[in-house]
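Heavy atoms only: backbone and side chains are in, while hydrogens, waters and symmetry mates are out. By convention in this document, chain letters (A, B, ...) are assigned in the order of the sequence lines, proteins followed by strands, and residues within each chain are numbered from 1. Because the structure is a prediction, the values reported are computed rather than measured.
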Amino acid sequence: MVHYIGVILDESRYEQIKGTPIEEKVQSIFGGTLKMLVVEVPEDKSEQILKAFDRARIDSRGFIEDVPVAFRRAVFEEIVKNKSLDIIDKVLERLPEIQELAKKEDEYIPPPEIE
Amino acid sequence: MAKLNIPPPHGGELVYRVIGKKDYAESMAAGAIEFDLKPTTLPDGTPIRHVYREIMSVCYGFFSPVEGSMTSTDLEGVLKERRLESGWVFPYPILLDASEEDIKAADIKEGDRLLLKLKGEPFAVMDVEEIYKINPEEVAVRTFGTPEDNPEVVREPFNEKHPGYMIYKMMNDHVIAGKWTIVNPPKFREPYDRFWLPPAECRTVIKYVKKWRTCIAHQTRNVPHTGHEALMKNAAYTGDIEPCHGILVNAIIGAKRRGDYPNEAILEGHEAVNKYGYIKPSRHMVTFTLWDMRYGNPIESLLHGVIRQNMGCTHHMFGRDHAAVGEYYDKYATQILWSEGIPSFGFEAPPNEVEKGLKIIPQNMAEFWYCPVCGEIAYSESCGHVDKKQKFSGSFLRGMVAEGVMPPKVVMRPEVYKAIVKWWKVFNYPFVNKKYLENLNANLEVDLAPMEIPKA
């Protein structure tokens, strides 16, 4: 069974993929208020992700959620670097580095500056 | 249809066992044997329950007609058929457990009066009616059921991954039974104090301040997204000759798990829904109950019914996977209980149709999603564009929040998001982490004033 990872695109992320073949794969959700890229993950690889991060889970939509921010960032970086959504192997190669970054996330995530 | 009114408390009379007058409290506590309340912990020392929350909920009447730690007869009745010795429906064992060593060290015997201490200060007294032994694992198994004994709704055997099962399994193997009375009412810290509305006061507010004749309860342990808001608004269309007059949000506040939203953000997030007019404050009110959630799906829904009926609600909304974790129960177990009953749990009929059952009326709800064709949040049983649905996912939203992306207002109201960010700045983290847990477990939600108890 295939699972999915959703990568939310804010303005800065969208600029990085604009004009590349990835742009046409952007999905618009919630009435066009949110843009997202969806990466397909084969079951054996989603199991690796679930094992790597103790709080990760598959939600009712089949998406892999509750993964560290560092993991999502790595997914997006690989998409930009490879101009492709077929990047899950590249992300898995970086698991040890992502796990290290994730440990720091348990203590502090900088809050956004909003009024 | 006849017009409805606020139902009577469960059991007929609201329990209120709190003594605020110092002189009376001191005389009640004088000479009592001191006993320190301790958290229930996992083998690694992680607290998963603090009995003080149950003492608060019992003494302030949330769990009426229960008045204290259950006797062995009450416990057996609850485990066998979810009935107290008096015959009233009640779902969960409420127990003050203790180790044999602690009982011996304090020389506690039946007939003694105990002074229960919390955070080093006097908190409550109890007259010991019975001391008896339990097998905690057996209590855990019978509390939640098994696929063999409860085939209607239990799908998998409960195990150590289930938080509620572990609460009972990790209890000490002795129970001190008897009625509790709070003699040193704790003070809630900010922002809990603004949302603390025990049943007697809640009923008064509903009747005389809000002037609601009918009121539907919304169970929560989450920051609300617009799917929750749609659930509240639409479920409230039930009522009698008109929609429910009010919506009572009642958050369950207790032991937390890493990755949850902080309690403070949950309460203020829900408050933002009425403060900023998404549901008028005259129609919406936020409160909480202290309870270390057991995640018992249908069993938990019974407790929710008891609590909210005691608070004065006429109706209770129940969704799919109500108060559930994992795949232990059928996704619709709660709705099965409230629509046809679960005989193996003691309900040949729904809990509001059995003798000495509840009076609160269930409103079983399906799902809400965003439909891009309808261009609105749609009800799953109404919307015909099933293949186009965009489901709300709490974990998807948590991911967005963690990345610092402000969710679009069609998914989460900006003011709700700001409540998350407010507490994120306080705790340096948007969700519950190790530091938050350490702080919560050490300080709890309350402070107690120093109290000198005269010796006997």
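Contact of B:R258 with chain A is made through backbone and side chain together, with heavy-atom distances under 4.5 Å. Only the side chain of B:P430 comes within contact range of chain A, with at least one heavy atom under 4.5 Å from a heavy atom of that chain.
Of the inter-residue distances, the one linking B:N234 atom CG with B:Q363 atom CD reads 10.0 Å to the nearest 0.5 angstrom. Taking NZ of B:K391 as the reference point, atom CZ of B:F368 lies at 14.0 Å (rounded to 0.5 Å).
Between B:Y329 and B:F158, the distance separating the two ring centers is shorter than 6.0 angstrom. Checked against the 6.0 Å centroid criterion, the rings of B:F431 and B:Y261 qualify as a close aromatic pair.
Looking only at atom types and distance, the side chain of B:N159 has a donor-acceptor partner in the side chain of B:Y328 under 3.5 Å away. Residues A:Y14 and A:E23 have side chains that bring a donor and an acceptor to within less than 3.5 angstrom of each other. Side-chain contact annotation: B:Y192 with B:N263, donor-acceptor N/O pair under 3.5 Å present.
One N or O on the side chain of A:R13 and one on the backbone of A:I8 form a donor-acceptor pair closer than 3.5 Å.
For B:H304, the side chain to side chain donor-acceptor pair (under 3.5 Å) partners two or more places apart in sequence, or in a different chain, are B:Q219, B:H322.
For chain A, the option among B:K389, B:K425, B:M406, B:E376 with the highest count of heavy-atom pairs below 4.5 Å is B:K425. Of the listed residues (B:K418, B:K409, B:K435), the one with the most heavy-atom contacts under 4.5 Å to chain A is B:K418. Counting heavy-atom pairs closer than 4.5 Å to chain A, the top residue among B:P414, B:S393, B:G399 is B:S393. Between chain A and the residues B:G259, B:S395, B:G394, the most heavy-atom pairs under 4.5 angstrom are made by B:S395.
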In a table with atom names and distances, give each donor-acceptor pair under 3.5 Å that connects a side chain of residues 264-274 of chain B to protein atoms at least two apart or in another chain.
unit_1	atom_1	unit_2	atom_2	d
B:E264	OE1	B:Y436	OH	2.7
B:E268	OE1	B:K422	NZ	2.9
B:E268	OE1	B:W423	NE1	2.9
B:E268	OE2	B:R194	NH2	2.5
B:E268	OE2	B:K422	NZ	3.3
B:H270	NE2	B:T220	OG1	3.0
B:H270	NE2	B:N222	O	3.0
B:E271	OE1	B:R194	NH1	3.1
B:E271	OE2	B:R194	NH1	2.5
B:N274	ND2	B:H284	ND1	3.0

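Other residues, nucleotides and ligands place no more than 12 heavy atoms under 6.0 Å from the CG atom of A:D86.
Proximity to chain B among residues 47-79 of chain A is limited to A:D54, A:R55, A:R57, A:D59, A:S60, A:R61, A:E65, A:D66, A:V69, A:R72, judged by heavy-atom separations below 4.5 angstrom. The stretch residues 29-40 of chain A places A:I29, A:F30, A:G31, A:T33, A:L34, A:M36 near chain B, each with some heavy atom under 4.5 Å from a heavy atom of that chain.
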- Full working for salt bridge (Lys or Arg N to Asp or Glu O under 4.0 Å) between B:K434 and A:D106: CA-CA 7 Å; B:K434 195 176 160 208; A:D106 275 351; over 6 Å; no
